[in-house]
Each structure stands twice: as C-alpha cells, then as structure tokens.
Amino acid sequence: MSIKENKLQLYNSLSRKKEVFEPIKGPHVGMYVCGPTVYGDAHLGHARPGIAFDLIFRYLKHLDYKVRYVRNITDVGHLENDADHGEDKIAKKARLEQLEPMEIAQYFSDRYIDNMDALNVLRPSIQPRASGHIIEQMEMVSKILDAGFAYEAKGSIYFDVVKYNKKHNYGKLSGRNIEDVLENTRDLDGQEDKRESVDFAIWKNASPEHIMRWNSPWGSGFPGWHMECSAMSTKYLGEQFDIHGGGLDLRFPHHESEIAQSVAANGSEPVKYWMHNNMVTIDGQKMGKSLGNFITLDEFFTGSHKLLAQAYEPMTIRFFILQAHYRSTVDFSNEALQASQKGYEKLMNAVETLDKLKASDTNDFDVAQWNRKCYSAMDDDFNSPILIAHLFDAVKIINSVKDGKLKINTENLELLKTAFNSFTFEILGLRKDEKSQSGGELSAKLIDIMLKIRHEAKLNKDWATADQIRNQLTDLGVQIKDTKEGAEWQL
RNA sequence: GGUCUCGUGGCCGAGCGGCUAGGCUGGGCUCUGCAAAAGCUCCUACAGCGGUUCGAAUCCGCUCGAGACCUCCA
C-alpha cells in the first residue's frame, strides 16, 4: 500500500475534527511526542502513549512515509507542585537518595526504554534529553524576550500570556478563554513574581540549594516547564511540523504553552495535527503518579503488585491497550487483562495455523475485500479495535479452512498470509511470546516421542497410558490438541 | 466554580441516523475413546425522560451518574 492510494484520516485536537492527513512536506513526516519525566518507574499509563504513537509511527511507515519520530526524555525541569523553592523533581529525588541527579535520570530512562522495548515499541528516530538542549532552550527564551512576549522578574523569565493573547489566541488548543481563566484561577503559592497567574516560567532562577543549574544571561537557573519540547521539536523537526502527540493531560497547560512559545519565538504555528491519547484508569480514575494509584510495568510483568491476580506478558499489555481506541479511556482490571491474554493467544495460534494452511482449487473467502476493510479501519484515525475485530474474523476463517469447512485458493491464501502477518506484527506491533519459542529443540523432540507413544497407546485403546501422558504433559504446561492429522502441542 | 468528555449486554470494548463489531465469560450442539482445541449456536445492550425523523444507541433538550483539565502528570 502506498501513500497515493491511501486516504488516512486523523483526529486533530486543535480542530476537534477528523481531518485528511496531508503532511507539510510529503513523503516526509515529522512527529514529536512528549515522553516521560524520568524520576520513577514507568507505569501502565506511560504504556499508553508509547503504544498509541508506536501504532501511528508503524502505520505511517507502512504507508511509505519517511517519518522522523522524536520522543523526548525529560531529565530536568518540572517543579514540584507545592515546592516553594522551585525544586526540581529529579533534583529532589537525587537529594533524597544522595545521588547525582543525572544518575537518577539515567537509571530511570534506561528502565523506561527497557520497558518500551519489552512492549515492542519501536525506538523513535531521536530521543533527545532536555538536559542536553539547555543552549537551544536559552536561545528560544531570548527570542521570546526579544519579541516582547516575556519579562524578567528576580532572575526568572515569565511568558506574558496576557500580552500574547492580545495578538494571538492563548487557549485555542484547550478551548480556554483567558479572561475566564484569570477570574477562576485558584490562589497558589510561589507566584508572587509573576504579573498574572496565567503567566508561566520559561526560565527559572535557581535557589542556592538547587543542584541542577546552568549559567544564563539571566543568572544561574534552569529552563521552564514547557521550554524543552518547543526547543527540541524546533531543532529536530523545524519551526513547523506535522504531528505533535502526548497524553490528554498535557493539553493544558503544556501543549497550549508550547504553541504560545513557538508562535512568540518563531512567528508561526508549530504543529499541523495535535494528537492526544486518553488515559488509563483504575477504578474509573486516572492512573497517575500524583494520585499514587499506579501499577508499574515491571510489576505487571512480574505480577508483584497486590492488585494483580497474576503476572502479565508484555504482549498481553500491548494487546489490551490496542483493543481500545487511543482516544478512549481504558479501565484496568484483572478480568479485562485476562480476557486480552486469551484473545491474544487465540490470535497467535491462528498465525501458526495460517502458516501451515493448504490451498484448494476453490475459494470461499474474498481476502482482498477483507484486506481493504483492515486498511479502512486504520485509515479511520488508527482504529485498532476495529482492525483487531477484522483479524478475529480472519481467525475464524483460518480455523475453518484448517477444519476443512471452508476452502481457499492459492492466490487468496498468499494474500491472507501476507496481510494477516503484516497487520498483526508490522502494524499492530505484536510479537510471538518468548515462551512459545523457548523450550528448546531437545524438549520439542522429547515431546514428539511422548506423543508418538501416546498415539500407539491410543491405537491399542490403552486410554490409561494415553491419558497419563497427556495429563502429565499438561501439568508441565504442554497443551495437547488432537486433530485429524494427529496430535499437536504447544507450550 | 469554569471548560470539556463520557455513560453500550456478566466483563472489556467498537459503532455514532436504517444493514444491530470483536474479544472474554456462561448455556447448548458438532467433532473426538474421553478431554482440550476448533467450528456452529443461544442468552443477557445501548443511563433515564422528552423531542426531531418514515426510522435513533447514534441528532437536539433536560435529568441523573462518572471522569478529565483548570497544579507536576502519559
């Protein structure tokens, strides 16, 4: 499938509508997604944008777009909400654990990348770190100052939202009206240096005990909350690029402020399509760091959390997330995860069955039509749940062909194999469980010997022996399936 | 308080004016020595109340309920 014959639509948070995707400079596509702040282990909520934008990245590449995908790692910035001294989250963690801040950031970013690898999330083209782009951020702060949309106060630089809003529209992304916001903003501590509560720091003066600091024209300090994404996206994707993604919770103030910063500094709208993934919920509430109701990905993989009934394979997690549309919330529960696990196993079994399927002269299934439906699902704002439903339709066909209840000819079988595998592995990014490939050659041969003995026992109607072999293999985790062609097994 | 989103069967989750996805679970049947697997099949739906329409889960209004953002957050 090439770009030309395809009609991809995606939901733009800015217009709040689905729009036909037309990259600024096709076939090149620039995509920036907000990554994690690395001061703790990634939890299920972090898996959502990881997987959602991985799906988008994979599909765009499948359509032959040349995608440069940038996902940042935030290793500086982000103040504690209640810290009067403007202490950095990472710096705070470092102080508490008596480590270099960069030691903390390195440790958790390594673990984050490991988790994403486990989930089969492709590595982005560039994973820039905020701490490595302080100069770019300072340059952007200067540009905003020069443009007159920022002011200095006690060594900090604040974005002048009110002034900006007179000329541009601050609130266009989040649907906010600044006048209303000004009236309704709650009183917060530590805002005494700002002219207005809606103003935000783009450079922050570092208090003496603050450990992460850089020299700047405005004194020793560190970049403000939203600067890094503006600076790094501009650096790697240009002043205007195609897609900016992130969690829905970042829409305001983070993304709203990014727009303002870029417009103030560069004079142009930075992003054509804003895309936001919805949240993972637990008991109907957002799973999040601040609420403390999160379960880390490692805990899922090992089952080591009191709310988990069992350990879950990374691919179960991935499949679980892909079974919901990225703009809907997904609610965590053991029941839902176990359902996903079974569904995923069913799909993987079909992959193996399909591989061994034999073609007939006649044909009962129009694979080309089915293939088009799969593309339509993806073209409709990356509707992975619909795609998965179509895959299960094909699973039914595959199993029926295997049972001899349906026929499929060579041409259709080849297309089915290509398309089914492409959608399952290349686009949805699923992968066969390690465990189904493990076991080793010797075990496989031993199991085959056992099954041969069982087969002989069955021919002699020695059910006791046959069942003993089956039961003991089952206890070891080897599942026996008797088919017309003989017994098959899987781990 | 302001802005916005959502309420679908036992569970998860699509659809978003007519043709009523899919997965998991439960019941029945087929196949099989039995079982598993697989196939077929059945049962529970569109929060409530009005309205628009020939026709609404889908559009509009109200009520109730849940959530998100307004503060760091994926």
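Predicted model, so just to flag it, every value in this text is computed and none were measured. In what follows, every heavy atom counts, from backbone to side chain, and hydrogens, waters and symmetry copies are set aside. Each chain gets a letter, A, B and so on, in the order the sequences are listed, and its residues count up from 1.
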Whole angstrom is fine here: how far is it from [atom1] in [X] over to [atom2] in [N]?
X      : N      : atom1 : atom2 : answer
A:H276 : B:rG67 : NE2   : P     : 22 Å
A:D381 : B:rA14 : CG    : P     : 12 Å
A:D403 : B:rC29 : CG    : P     : 19 Å
A:L391 : B:rG13 : CG    : P     : 19 Å
A:N383 : B:rC16 : CG    : P     : 9 Å
A:K373 : B:rA21 : NZ    : C1'   : 10 Å
A:K405 : B:rU41 : NZ    : P     : 11 Å
A:N278 : B:rA66 : CG    : P     : 18 Å

Hey, does the side chain of [X] come within less than 4.0 Å of [N]'s phosphate (OP1/OP2), counting only N and O?
X      : N      : value
A:S174 : B:rU3  : no
A:N277 : B:rA74 : no
A:K286 : B:rC69 : yes

Using the [atom1] atom on both, measure [N] against [M] and round to a whole Å.
N      : M      : atom1 : result
B:rU20 : B:rA38 : P     : 26 Å
B:rC62 : B:rG2  : P     : 14 Å
B:rG17 : B:rC46 : C1'   : 14 Å
B:rC11 : B:rC16 : P     : 24 Å
B:rU5  : B:rG10 : P     : 28 Å
B:rG50 : B:rC12 : C1'   : 32 Å
B:rG9  : B:rC59 : C1'   : 24 Å
B:rC24 : B:rA36 : P     : 16 Å

Who does [N] pair with, Watson-Crick or G-U, both distances under 3.5 Å?
N      : value
B:rA38 : B:rU30
B:rU44 : none
B:rG67 : B:rC4

Among B:rA74, B:rC40, B:rG13, which nucleotide has an atom closest to any side-chain atom of A:D249?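 Looking only at heavy atoms from C-beta outward on A:D249, the closest nucleotide is B:rA74.
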Quick one: which of B:rA21, B:rA38, B:rA74 gets closest to the side chain of A:P385? B:rA21
In the structure I gave you, are the side-chain heavy atoms of [X] and [Y] within less than 4.5 Å of one another anywhere?
X      : Y      : result
A:R454 : A:Q468 : no
A:M450 : A:V478 : no
A:Y32  : A:V271 : no

Looking at every strand, decide which applies to [X] at a 4.0 Å heavy-atom threshold: base, sugar-phosphate, or nothing.
X      : answer
A:N399 : sugar-phosphate
A:S328 : sugar-phosphate
A:S290 : base
A:H325 : sugar-phosphate
A:N349 : nothing
A:G50  : nothing

Report the residue from A:E335, A:Q323, A:R318, A:E313 that forms a side chain to side chain donor-acceptor pair (under 3.5 Å) with A:S340. A:Q323
Assess whether a salt bridge exists between A:E352 and A:K481, defined as any Lys/Arg side-chain N lying under 4.0 Å from an Asp/Glu carboxylate O. no
In a check of ring-ring contact (aromatic ring centres under 6.0 Å, His included) between [X] and each of [options], which one passes?
X      : options                : answer
A:Y69  : A:F57, A:F241, A:Y236  : A:F57
A:H276 : A:H244, A:H255, A:H254 : A:H255
A:F332 : A:F294, A:F300, A:F320 : A:F300

Distance-only donor-acceptor test, [X] side-chain atoms vs [N] base atoms, 3.5 Å:
X      : N      : result
A:R16  : B:rC4  : no
A:D467 : B:rA35 : no
A:R470 : B:rA36 : no

Given RNA chain B, 5'-ward residue of the pair A:Y326 and A:G175, judged by closest heavy atom: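 Looking at the nearest nucleotide for each, A:G175 comes out on the 5' side.
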Under 5.5 Å between ring centres and under 30° between planes: true for A:F392 and the base of B:rG23? no
